[in-house]
Protein chains: 2
Amino acid sequence: MKSSTSQEIQLKWNADAFVPRVSIDLVIFGFHDGQLKVLLLRWKNGEDWMLPSGFILHEEDMENAAHRSLQQRTGLQSVFLQQFHTFGEADRFKHFSKQETMRRLGFPGDTDEPLFRRHVSVGYYALVEFAEVVPTPDELTDECRWWDVEEVPPLLFDHNDMIRLALKVLRRQLSYQPIGYNLLPEKFTMPELQRLYETILGQPLDRRNFQKQMLGYGILERLEERKTGGAHKAPYLYRFDKEKYEQALDDGMSTHGL
Amino acid sequence: MKSSTSQEIQLKWNADAFVPRVSIDLVIFGFHDGQLKVLLLRWKNGEDWMLPSGFILHEEDMENAAHRSLQQRTGLQSVFLQQFHTFGEADRFKHFSKQETMRRLGFPGDTDEPLFRRHVSVGYYALVEFAEVVPTPDELTDECRWWDVEEVPPLLFDHNDMIRLALKVLRRQLSYQPIGYNLLPEKFTMPELQRLYETILGQPLDRRNFQKQMLGYGILERLEERKTGGAHKAPYLYRFDKEKYEQALDDGMSTHGL
DNA sequence: TCAAAAGTGTTTAGCATACACCCATGC
DNA sequence: GCATGGGTGTATGCTAAACACTTTTGA
């Protein structure tokens with residue numbers, strides 16, 4: 001753990017550019033290798049991991065700030081992004097105290113570092129296509145990579161709570177509106193889609209019922225056979241009907257249709 | 001519209017005591033006379049109405065701040081209070097521009113009044129027992145009273161949007177968890193409970209199915225007959241089983257069980 | 001030819017909807 | 001006694017859950 005003074009870091013992060021006291025935290029979900037993944041950042045010169053976060057520019061809509069931050073970490077432009085909870089506890093330091101956290105992150109003493117002032121944080125979760133993401137650290141972090149949701153280490157602040165709640169909301173959401181458009185490649189098989197659902201829900205589903213349900217939504221378009229190396233009967237490929245998919249999303253919930 | 005300088009108002013509202021840039025807005029629902037009501041405040045010396053709002057003390061949890069503000073407006077201590085959305089648009093002035101709003105509220109010129117700086121606002125909705133509320137204006141308002149949800153006038157800021165969304169979330173919530181504990185007196189009849197549901201949902205329900213569904217939740221306790229002046233067959237009185245009610249709430253959703 | 005994965009259709013059960021009859025009370 | 005509101009039970013239908021057989025393919 002090398003020394004890096006708070007000055008050093010402050011230089012690269014201009015607190016004045018942003019609305020103070022409000023932050024955005026992103027729980028970015030991806031799906032790969034039959035596992036649900038979440039994107040985490042490792043703080044400079046250390047072993048501490050955290051969620052990607054962002055701040056709101058003075059004249060910027062918060063939702064835009066969330067999209068912008070997501071874009072900066074993943075390279076992705078338009079994805080499923082949903083506000084799920086706002087965290088407003090006075091003390092949001094969980095595994096380590098504020099003092100301890102500052103020390104670990106290279107802010108010695110009790111400087112009045114804007115980063116460590118009390119923040120209210122708005123949590124968003126995103127569903128993105130794993131293969132298209134280019135994980136990119138920011139000015140404060142050394143590394144950005146996917147973690148298996150089941151293997152997330154103790155994170156800084158209350159970020160473990162955030163992931164847990166995001167997952168809870170995601171699971172509920174799954175039951176009344178289709179999800180998958182942003183988590184899978186353009187063409188996918190029904191078993192792949194099913195595995196995605198099973199992974200998110202954490203429980204096995206019946207193949208036949210699943211297929212019926214999905215097709216029942218009327219948002220899937222079937223293509224031709226799938227050839228590739230699969231060592232068994234070749235499954236069909238499907239594609240989402242963007243139009244109808246969006247429709248189904250709106251019908252379910254949405255914070256927009258005020 | 002009398003003159004009241006911004007100084008006059010600022011004196012009574014100490015912005016330094018609170019976390020800046022974050023506000024809390026409360027959509028307080030009550031039920032009376034077969035109508036869903038919402039509690040509104042009228043700004044000093046004017047005709048402009050708005051939602052009760054609050055701010056977070058520096059060392060205070062946001063949820064506590066919401067409860068505290070609610071307590072101050074209603075006198076009620078423990079009620080159903082739920083965060084439903086955080087509003088983060090850069091410009092949250094709807095019916096009137098910022099300039100116009102400041103003028104109407106007695107802040108002439110473009111003083112840098114903390115109240116009118118850009119805020120991110122966390123919306124909570126509350127369900128309270130109408131008869132127990134003592135509507136109480138705050139330092140910035142002259143009047144606090146109930147409005148029929150259907151007859152709410154154009155409000156300041158984006159407060160009409162907030163009510164609309166709160167109602168939407170409340171309706172959805174109603175479908176997967178019981179509600180009513182905080183909106184009705186301790187003892188109530190099944191038809192009363194039904195009228196509450198019908199009012200919230202904005203549609204008539206079948207008496208018999210409604211009763212079955214409610215009793216199915218296993219959260220109601222039936223008492224003896226109801227005597228009073230009702231000009232027809234006396235309906236039974238019921239009471240919520242607090243234990244089981246709380247249980248049912250937790251089973252449904254909840255932002256707590258992280 | 002066999003195991004493993006995928007495609008398809010039928011039965012069943014639970015819950016929500018629709019609906020009808022009897023009882024109490026005030027005018 | 002009749003209109004109004006309240007109490008209760010049954011029939012129906014739809015959707016979700018449970019379940020079995022056939023087909024393809026590589027080893």
Visitor: Distance check needed: C:dC19 C1' versus B:F210 CZ, whole Å only.
Guide: 19 Å
Visitor: From the options B:V133, B:V134, B:D138, select the one residue that forms a side-chain contact (heavy atoms from CB on, under 4.5 Å) with B:T136.
Guide: B:V134
Visitor: Tell me if the centroids of the rings in B:F80 and B:Y181 come within less than 6.0 Å of each other.
Guide: no
Visitor: Between C:dA5 and A:H232, counting only base atoms on the nucleotide and side-chain atoms on the residue, is there a donor-acceptor pair under 3.5 Å?
Guide: no
Visitor: Angle class for the A:F188/A:F240 ring planes (parallel below 30°, perpendicular above 60°, tilted otherwise)?
Guide: tilted
Visitor: Under 3.5 Å, is there a donor-acceptor pair between the A:E198 and A:Q194 side chains?
Guide: yes
Visitor: Determine, for A:K212 against A:D206, whether the closest basic-nitrogen to carboxylate-oxygen distance falls under 4.0 angstrom.
Guide: no
Visitor: Atom OH of B:Y236 to atom P of C:dC23: distance rounded to whole Å?
Guide: 13 Å
Visitor: For a quick test of reading the model, state the closest non-hydrogen atom pair linking B:Y125 to B:A166 and the distance between them.
Guide: CB-CB, 4.1 Å
Visitor: Among C:dA6, D:dC19, D:dG7, which nucleotide has an atom closest to any side-chain atom of B:K233?
Guide: D:dG7
Visitor: Find the distance A:M214:CE to C:dA6:C1' and express it as a whole number of Å.
Guide: 17 Å
Visitor: Round to the nearest Å and state the distance from A:N209 atom CG to C:dT8 atom P.
Guide: 14 Å
Visitor: Could you go through nucleotides 11-16 of chain D and list every protein N or O atom that sits under 3.5 Å from one of its N or O atoms, giving the distance for each pair?
Guide:
none

Visitor: For DNA chain D, what residues of residues 190-208 of chain A have any heavy atom nearer than 4.0 Å?
Guide: A:D206, A:R207, A:R208
Visitor: Considering only NZ, NE, NH1 and NH2 on the basic side and carboxylate oxygens on the acidic side, decide whether A:D158 and A:K94 come within less than 4.0 Å.
Guide: no
Visitor: Would you indicate whether the side-chain heavy atoms of A:I24 and A:Y124 approach each other to under 4.5 Å?
Guide: yes
Visitor: Taking the cut-offs as 6.0 angstrom to the six-membered ring centre and 45 degrees off its axis, would you call B:R222 and B:Y236 a cation-pi pair?
Guide: yes
Visitor: In whole Å, what is the span from the CG atom of B:L237 to the C1' atom of D:dG7?
Guide: 14 Å
Visitor: Starting from the 5' end of DNA chain C, give me the residue, A:A231 or A:R222, whose nearest nucleotide shows up first.
Guide: A:A231
